[in-house]
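Down below is the structure, laid out as structure tokens.
Just so it is clear, the values below take in all heavy atoms, side chains as well, and ignore hydrogens, waters and symmetry mates. Proteins get letters first, then strands, A, B, ... in listed order; numbering begins at 1 in each.
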2 protein chains.
Amino acid sequence: METWMAQPDLDEIDVATVLQALADPMRLRIVRLLAEVEESTCTALDLPVKVSTVSHHVNILRHSGLVSTRIDGTARPSRLRRDDLERRFPGLLSAILTATPPRPQR
Amino acid sequence: METWMAQPDLDEIDVATVLQALADPMRLRIVRLLAEVEESTCTALDLPVKVSTVSHHVNILRHSGLVSTRIDGTARPSRLRRDDLERRFPGLLSAILTATPPRPQR
DNA sequence: GCTCTATTACGATGAGTGTCGTAATTTCCG
DNA sequence: CGGAAATTACGACACTCATCGTAATAGAGC
């Protein structure tokens, strides 16, 4: 049986909180990574910050409602709540994930 | 003839910068207000912070590409760049503006 | 020119938070 | 049982930034 960590229900998710979570560059990077690999743990994500920091960010992402985390032994693999987010804020997450990089000014 | 303040071109707008701009509660509130009134100056927006702070927030919103500001005498009325944003990040702004408030947990 | 108003520029300050290092906890496996 | 690995809890620190008060600037109208 699969056990999951606590997370907000669909209608508890606040768009302001989601935007605050996505505002940090490292967390936006994590979200983009999870969109590719479907599921990953904190250590498996190869990021230029310490694992304790990654864990901190993933916690914020989960509390905001962006990711859900499964309990698998000592591992805590997380995944994007794509369907949930699409139902709660239609078009929001997909717009961010498909966004084109900006043309550098000057 | 209408004069406008400097603002980023469409393809210069960065989604990360936009998300950072929208992450602040007061700025999100300003964006929601501008979505209703179509155009407003800093003083006309009735907000619980000093006008100098509102001006600061509107500057950030303009530099991020969210609003454009017209020069009209001493006044600087700003408006949401709805069409531009819709073309740059389809669905993003509308998803935020139409978002339902969260059901309070507990 | 003078005054009033709108806006911004500037410096200061206090709160928030991203990051780290370390320790503690938990689970897996030999 | 004992060690290794994954995660998190905790405290500390530096830096960002939202907010304010004040002053400076600029235009409108008398």
Let's see if you can work this out: which of dT7(D), dG21(C), dA18(D) has an atom nearest to the side-chain heavy atoms of K50(A)?
dG21(C)
Check whether any side-chain heavy atom of L97(B) lies under 4.5 Å from a side-chain heavy atom of R82(B), and answer yes or no.
yes
Given DNA chain C, 5'-ward residue of the pair P48(A) and M5(B), judged by closest heavy atom
M5(B)
Within the 4.0 Å heavy-atom criterion, would you say I60(B) contacts the bases, only the backbone, or no part of the nucleic acid?
sugar-phosphate
Salt-bridge present (D9(B), R103(A); N to O < 4.0 Å)
yes
Does the side chain of T69(A) pick up a donor-acceptor pair with the side chain of R62(A) at under 3.5 Å?
yes
Taking the side chain of V51(A) as its heavy atoms from C-beta onward, which of dT8(D), dG18(C), dC20(D) lies nearest to it?
dT8(D)
Whole Å only: how far is the CG atom of L45(A) from the C1' atom of dT8(D)?
16 Å
Let me know, please, whether D24(A) or R76(B) comes out on the 5' side of the other along DNA chain C by nearest nucleotide.
R76(B)
Rounded to whole angstroms, how far apart are CG on D72(B) and P on dG29(D)?
10 Å
With hydrophobic residues grouped by side-chain heavy-atom distances under 4.5 Å, do V54(A) and I71(A) end up in a single group?
no
Of the nucleotides dC20(D), dA9(D), dT7(D), which one has an atom closest to the side chain of S52(A)?
dA9(D)
For dC20(D), take OP1 and OP2 only and decide whether either is under 4.0 Å from a side-chain N or O of T53(B).
yes
Looking at T41(B), I'd like to know whether one of its side-chain N or O atoms comes within less than 4.0 Å of OP1 or OP2 on dT7(C).
yes
Is the shortest side-chain N/O distance from T74(B) to OP1 or OP2 of dT7(C) below 4.0 Å?
no
Can you tell me how far P of dT7(C) sits from NE2 of H57(B), to the nearest Å?
16 Å
Does the side chain of H56(A) get closer than 4.0 angstrom to OP1 or OP2 of dT17(C) through an N or O atom?
no
Can you tell me the distance, in whole Å, between the CH2 atom of W4(A) and the P atom of dT7(D)?
15 Å
Rounded to the nearest Å, what distance is computed from the CG atom of residue N59(B) to the P atom of nucleotide dC17(D)?
15 Å
Rounded to the Å, how far apart are L47(A) CG and dC20(C) P?
11 Å
What integer distance in Å separates R27(A):CZ from dT19(C):C1'?
12 Å
Hey, are E39(B) and R70(B) close enough for a salt bridge, meaning a charged N less than 4.0 Å from a carboxylate O?
yes
Separation of dA6(C) P from E39(B) CD (nearest whole Å)
16 Å
